[in-house]
Amino acid sequence: MSKGKGNVVLGVLAGALAGATAGLLFAPKKGKDTRKQIASSTQGYVEGAKEKVDGVKNSIEHKIEALKAKKNAALTNNKGEELTEEAKAKIHNVAS
């Protein structure tokens with residue numbers, strides 16, 4: 001995910017959270033009920049954000065492994081090892 005897309009996603013999540021919180025605070029409910037609803041809504045947003053971060057982290061890890069495999073393929077003198085490292089790189093590129 002590019003830096004700009006990450007900022008947009010975070011902006012949308014922050015805006016949604018702020019809007020939901022404002023809506024709940026101005027709703028005609030008891031404070032206790034409102035706090036429970038805010039906590040529940042916030043937990044959903046936090047879990048969604050964690051999933052996105054984990055996805056980006058996983059993608060970055062695969063890209064790093066693909067680069068390592070490409071480097072190893074370029075540095076080896078053995079054609080079999082070179083093909084093995086190139087295959088690893090392709091697998092990580094597909095996974096990312």
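Note that the coordinates shown come from a computational prediction; the quantities given were computed from them, not determined experimentally.
The closest donor-acceptor contact from the side chain of T84 to the backbone of G80 lies under 3.5 Å.
The same ILVMFWY cluster, assembled from side-chain heavy atoms under 4.5 Å apart, contains both I64 and V56.
The two residues A69 and A89 come nearest to each other via the heavy atoms CB-N, 3.6 Å. Across A73 and E86, no two heavy atoms sit closer than the pair CB-CG, 3.8 Å.
Atom-to-atom distance recorded for E82:CD and N72:CG is 11.5 Å, nearest 0.5 angstrom. Note that the CD1 atom of I91 and the CD atom of E65 stand 12.0 Å from one another [nearest 0.5 Å].
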Quiz item: After noting the C-alpha distance and the side-chain angles of K70 and N93, does the key distance pass the side-chain contact (heavy atoms from CB on, under 4.5 Å) rule?
Solution: CA-CA 11 Å; K70 286 180 184 179; N93 281 332; 3.7 Å; yes

Practice problem: Evaluate the criterion salt bridge (Lys or Arg N to Asp or Glu O under 4.0 Å) for residue pair E47 and K50; output intermediate values, then yes/no. | Solution: CA-CA 5 Å; E47 288 173 7; K50 283 181 182 178; over 6 Å; no

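Taking 4.5 Å as the limit, every side-chain heavy atom of N78 sits out of range of all side-chain heavy atoms of E85.
Screening K63, H62, E61, K68 for a side-chain hydrogen bond (donor to acceptor under 3.5 Å, both in side chains) involving H92 leaves a single residue, H62.
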